[in-house]
Amino acid sequence: LVRLVESGGGSVEPGGSLRLSCVATGYDYARACMGWFRRAPGKEREGVAASHKDGRTTYADSVKGRFTISHDHERGTLELQMNSLKPEDTAMYYCAATSTRPEWCTAVNIRAPDYQGKGTQVTVSS
């Protein structure tokens with residue numbers, strides 16, 4: 001089993017920055033791939049970014065160049081630095097973990113993880 005706890009959400013004006021954090025506890029193999037997905041009201045889940053313990057990272061096209069994921073597998077920590085935030089980034093953000101192979105650890109596949117946290121709200125508005 002894996003337990004994920006997020007922190008760092010909040011409200012910010014367009015163009016601002018936020019940093020999300022996630023602490024993972026549990027079996028090492030079950031959290032080899034970690035990442036973030038988000039869900040806005042009335043919309044489907046969207047994978048944001050994923051990182052495998054071997055160092056591979058992927059991003060959704062909508063956040064490339066603005067968001068940076070960092071993953072310390074040994075410590076069980078995951079962070080998402082979000083810069084140049086836009087109103088369309090407003091959503092509940094969920095930390096996610098799965099035991100998939102590196103090549104399957106992608107921003108698309110992280111939408112359907114084995115484990116997820118309770119989420120942290122990010123609101124971007126003026």
Side-chain angles (χ1 to χ4, degrees):
L1 294 177
V2 174
R3 182 169 180 260
L4 305 170
V5 179
E6 307 97 335
S7 61
S11 296
V12 66
E13 294 185 349
S17 298
L18 283 173
R19 189 175 186 89
L20 305 183
S21 298
C22 175
V23 176
T25 56
Y27 292 125
D28 179 271
Y29 75 92
R31 51 180 176 83
C33 171
M34 291 187 68
W36 300 88
F37 68 87
R38 64 189 181 186
R39 186 161 189 172
K43 295 185 178 181
E44 295 186 356
R45 287 186 179 192
E46 178 187 16
V48 176
S51 174
H52 195 272
K53 67 177 184 177
D54 73 349
R56 304 184 199 197
T57 60
T58 67
Y59 296 90
D61 288 343
S62 59
V63 306
K64 280 182 182 176
R66 301 188 297 121
F67 291 12
T68 303
I69 190 170
S70 55
H71 178 195
D72 187 329
H73 181 73
E74 296 302 319
R75 294 186 176 185
T77 59
L78 184 75
E79 295 187 333
L80 185 69
Q81 177 65 42
M82 305 185 294
N83 298 327
S84 301
L85 283 161
K86 303 175 181 180
E88 50 263 44
D89 293 318
T90 296
M92 186 71 81
Y93 283 70
Y94 297 86
C95 179
T98 187
S99 60
T100 194
R101 302 192 307 267
E103 57 269 32
W104 282 93
C105 184
T106 67
V108 172
N109 291 337
I110 204 68
R111 293 175 301 171
D114 296 328
Y115 303 97
Q116 65 183 71
K118 294 183 178 180
T120 184
Q121 178 68 36
V122 171
T123 302
V124 185
S125 69
S126 53

Under 3.5 Å: donor-acceptor pair, side chain of [X], backbone of [Y]:
X	Y	answer
Y59	R66	no
R45	I110	no
T100	C105	no
H71	S51	yes
E79	S21	no
D114	S99	yes
T123	T90	no

Gap between atom [atom2] of [Y] and atom [atom1] of [X] - 0.5 Å precision:
X	Y	atom1	atom2	value
T98	Y115	OG1	OH	8.5 Å
Q81	I69	CD	CD1	12.5 Å
N83	R19	CG	CZ	9.0 Å
L20	Y94	CG	OH	13.0 Å
M92	R39	CE	CZ	11.0 Å
C95	R31	SG	CZ	10.5 Å

Using the side chain to side chain contact (heavy atoms under 4.5 Å, CB included) rule, take L4 and M34 through it: C-alpha gap first, then chi angles, then the decisive distance, then the call.
-> CA-CA 10 Å; L4 305 170; M34 291 187 68; 3.9 Å; yes
Say whether V23 and L1 are linked into one hydrophobic cluster, either directly or through other cluster members, by side-chain heavy-atom distances under 4.5 angstrom.
->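 No, no single cluster joins them.
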Between F37 and L80, is there a shared hydrophobic cluster once you connect ILVMFWY residues whose side-chain heavy atoms come closer than 4.5 Å?
-> no
Carboxylate-amine/guanidinium proximity below 4.0 Å for K64 and D61 |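 Salt bridge present between K64 and D61.
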Heavy-atom pair of closest approach, residues [X] and [Y]:
X	Y	answer
S17	S84	OG-N, 4.3 Å
P102	D54	CB-OD2, 3.4 Å
G47	A60	O-CB, 3.3 Å
V48	V63	O-CG2, 3.6 Å

Do you see a donor-acceptor pair shorter than 3.5 Å between the side chains of H73 and D28?
->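 Their side chains do contain a donor-acceptor pair, which is all the 3.5 Å distance test asks for.
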Step by step, would you call V122 with M82 a side chain to side chain contact (heavy atoms under 4.5 Å, CB included)?
-> CA-CA 10 Å; V122 171; M82 305 185 294; 3.8 Å; yes
In this structure, are over 12 heavy atoms from other groups packed under 6.0 Å from E103 atom CD?
-> yes
